[in-house]
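All remarks here apply to the structure that follows.
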2 protein chains.
Amino acid sequence: MNLSTPLARPSLHEELVTRLRQAIVEGSLEPGAKVPERELCENLGVSRTPLREALKVLANEGLVILESNRGARISNVTMEELAAAFPVIAVLEGLAGELACALATDEEIAQIVTRHHDMFRYYDAGDRPAYFQANHDIHAALMAAARNPVLAQHYAMLSSRVERARLLANVSDSRWAEAVEEHRGILEAVETRDGSRLSTLLKEHLNNKLAALKTALT
Amino acid sequence: MNLSTPLARPSLHEELVTRLRQAIVEGSLEPGAKVPERELCENLGVSRTPLREALKVLANEGLVILESNRGARISNVTMEELAAAFPVIAVLEGLAGELACALATDEEIAQIVTRHHDMFRYYDAGDRPAYFQANHDIHAALMAAARNPVLAQHYAMLSSRVERARLLANVSDSRWAEAVEEHRGILEAVETRDGSRLSTLLKEHLNNKLAALKTALT
DNA sequence: ATCTTGAATTATGAATACAATTTGAAAAGA
DNA sequence: TCTTTTCAAATTGTATTCATAATTCAAGAT
């Protein structure tokens with residue numbers, strides 16, 4: 001049992017930030033909807049103070065918009081925002097790929113490889129949810145292997161803003177096939193620890209994703 | 001006169017975030033110092049609620065550390081953090097350079113060029129403060145010309161975390177000369193709108209800056 | 001003298017209270 | 001009937017209060 005950690009009880013506002021962010025990302029709190037302070041407080045069993053603190057933080061992250069004297073709304077996912085965010089995510093993932101190739105343990109590489117094979121199997125089986133999960137795990141594992149907390153933090157922030165788009169537009173079958181193909185290249189670069197190649201492929205992957213979203217949403 | 005904006009009076013917590021962030025970046029609030037809530041409230045003439053909201057936001061940005069039941073401290077600028085942040089800033093600036101080359105107006109390019117010449121003059125005159133200001137303006141102008149709010153937002157966040165390092169270590173004369181030399185290349189890439197070259201040079205510039213900081217701080 | 005111990009003080013986290021603003025609908029007027 | 005005005009209810013921004021955890025410091029023990 002670990003007795004060195006000083007028994008950290010997370011404060012209410014921290015837990016609220018986490019839970020609200022999750023709710024926003026998974027769509028329980030719909031974009032554009034106003035956040036009913038009193039109601040949420042009652043549901044969650046907290047007072048307004050910590051909830052409002054959490055909303056300020058989420059507003060700073062761009063997930064929530066505060067309109068003075070008019071409360072908070074869940075921010076909309078606009079095409080402009082996606083178009084702005086994706087290139088940023090792309091360079092961040094690119095950096096993560098490079099760092100990961102240099103710093104990952106063999107176990108981490110093996111893990112990413114395994115998860116890729118999982119993912120390909122899910123694709124063959126047409127299991128979208130499982131595919132998405134595996135895909136998510138891969139990108140997360142790459143980010144973890146990069147061992148850069150600042151990078152991870154900003155990546156997480158951007159991901160949360162963008163992941164909601166997945167609820168707006170389903171990926172087309174042809175784009176799905178393309179993405180899988182791209183991931184074969186990514187896998188190869190991971191296996192050979194070819195950082196610059198991985199970086200390039202990841203950036204392309206993200207930019208293609210954005211292009212696909214653009215066509216799907218117009 | 002702009003009549004479209006709905007006369008936004010910034011809320012107390014927003015102003016506090018801005019002011020505190022500025023105070024932290026410019027060093028009025030020293031790294032490691034604990035933030036005396038009551039005292040600050042009295043000085044600023046606000047109650048604890050908006051101040052605490054602001055602290056939560058700044059904590060989320062990494063400028064402040066909240067220790068449960070022990071209040072807030074100004075976060076320390078550690079070498080680890082700098083080492084993590086600089087590569088991220090580098091890729092962001094790199095992206096900004098590429099976008100700026102593609103999207104900047106001729107006026108913006110001209111502005112950046114002019115500011116470069118200013119900066120070179122300040123270097124010749126040995127005027128460090130003016131040099132720093134010009135340097136800052138250049139990077140800000142590049143970022144503005146990239147026309148990507150998401151990029152700008154994350155760049156601003158990272159800059160605020162890192163700029164405090166400037167107070168810890170003065171740039172050596174030799175590094176200063178190097179930086180100027182690097183900026184000559186950057187200027188050239190800007191003038192010719194060579195995006196990929198500018199991107200590379202900016203990334204190198206940042207990475208060299210980090211290396212210089214590393215030696216200066218050990 | 002130095003190190004514990006524990007009550008008093010202080011500061012923090014969260015809840016509540018209060019004042020100002022917005023909202024929505026009914027009433028007055030065109 | 002439609003517009004405008006007024007006013008109450010609701011909601012928000014900020015201040016204050018309350019309970020609890022941390023810190024301080026003096027007294028006692030080693």
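Only a predicted model underlies this, so the values are computations on that prediction, with no experimental measurement involved. Quick note on labels: first sequence line is chain A, next is B, and so on, each numbered from 1.
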message = Between the side chains of B/Arg19 and B/Glu15, is the shortest nitrogen-to-carboxylate-oxygen separation below 4.0 Å, so that they form an ion pair?
response = no
Ionic contact status for A/Glu53 with A/Arg48, cut-off 4.0 Å = no
Using a 4.5 Å cut-off on heavy atoms from C-beta on, say whether the side chain of [Y] contacts that of [X].
{"X": "B/Leu58", "Y": "A/Asn60", "result": "no"}
{"X": "B/Phe132", "Y": "B/Val171", "result": "yes"}
{"X": "B/Ile109", "Y": "B/Val113", "result": "yes"}

Please give, in whole Å, the distance from [N] [atom2] to [X] [atom1]?
{"X": "A/Glu67", "N": "C/dT21", "atom1": "CD", "atom2": "P", "value": "17 Å"}
{"X": "B/Lys56", "N": "C/dT12", "atom1": "NZ", "atom2": "C1'", "value": "9 Å"}
{"X": "A/Glu53", "N": "C/dA15", "atom1": "CD", "atom2": "C1'", "value": "11 Å"}
{"X": "A/Glu39", "N": "D/dA10", "atom1": "CD", "atom2": "C1'", "value": "14 Å"}
{"X": "B/Arg38", "N": "C/dT9", "atom1": "CZ", "atom2": "P", "value": "15 Å"}
{"X": "B/Glu42", "N": "D/dT14", "atom1": "CD", "atom2": "P", "value": "19 Å"}
{"X": "A/Leu44", "N": "C/dA14", "atom1": "CG", "atom2": "C1'", "value": "15 Å"}
{"X": "B/Leu51", "N": "D/dT14", "atom1": "CG", "atom2": "C1'", "value": "13 Å"}

request  = Would you please name every residue forming a side chain to side chain contact (heavy atoms under 4.5 Å, CB included) with A/Ala169, sequence neighbours left out?
outcome  = A/Leu213, A/Ala216, A/Leu217
Restricting both atoms to N or O, compile the protein contacts to nucleotides 15-17 of chain D shorter than 3.5 Å, with distance only.
unit_1	atom_1	unit_2	atom_2	d
D/dA15	OP2	B/Ser47	N	2.8
D/dA15	OP2	B/Ser47	OG	2.6
D/dA15	O5'	B/Ser47	OG	3.4
D/dA15	N7	B/Thr49	OG1	2.9
D/dT16	O4	B/Thr49	OG1	3.4

Filtered N/O pairs between nucleotides 21-23 of chain D and protein, under 3.5 Å:
unit_1	atom_1	unit_2	atom_2	d
D/dA21	O3'	B/Asn69	ND2	3.3

request  = Determine the interplanar angle of the B/His183 and B/His205 rings, folded into 0 to 90°, and report it as parallel if under 30°, tilted if 30 to 60°, perpendicular if over 60°.
outcome  = perpendicular
key: Side-chain donor-acceptor pair present, B/Glu182, B/Asn208, cut-off under 3.5 Å   = yes
note = Which of B/Lys56, B/Arg161, B/Arg21 passes salt bridge (charged side-chain N to carboxylate O under 4.0 Å, His left out) with B/Glu61? It is B/Arg21
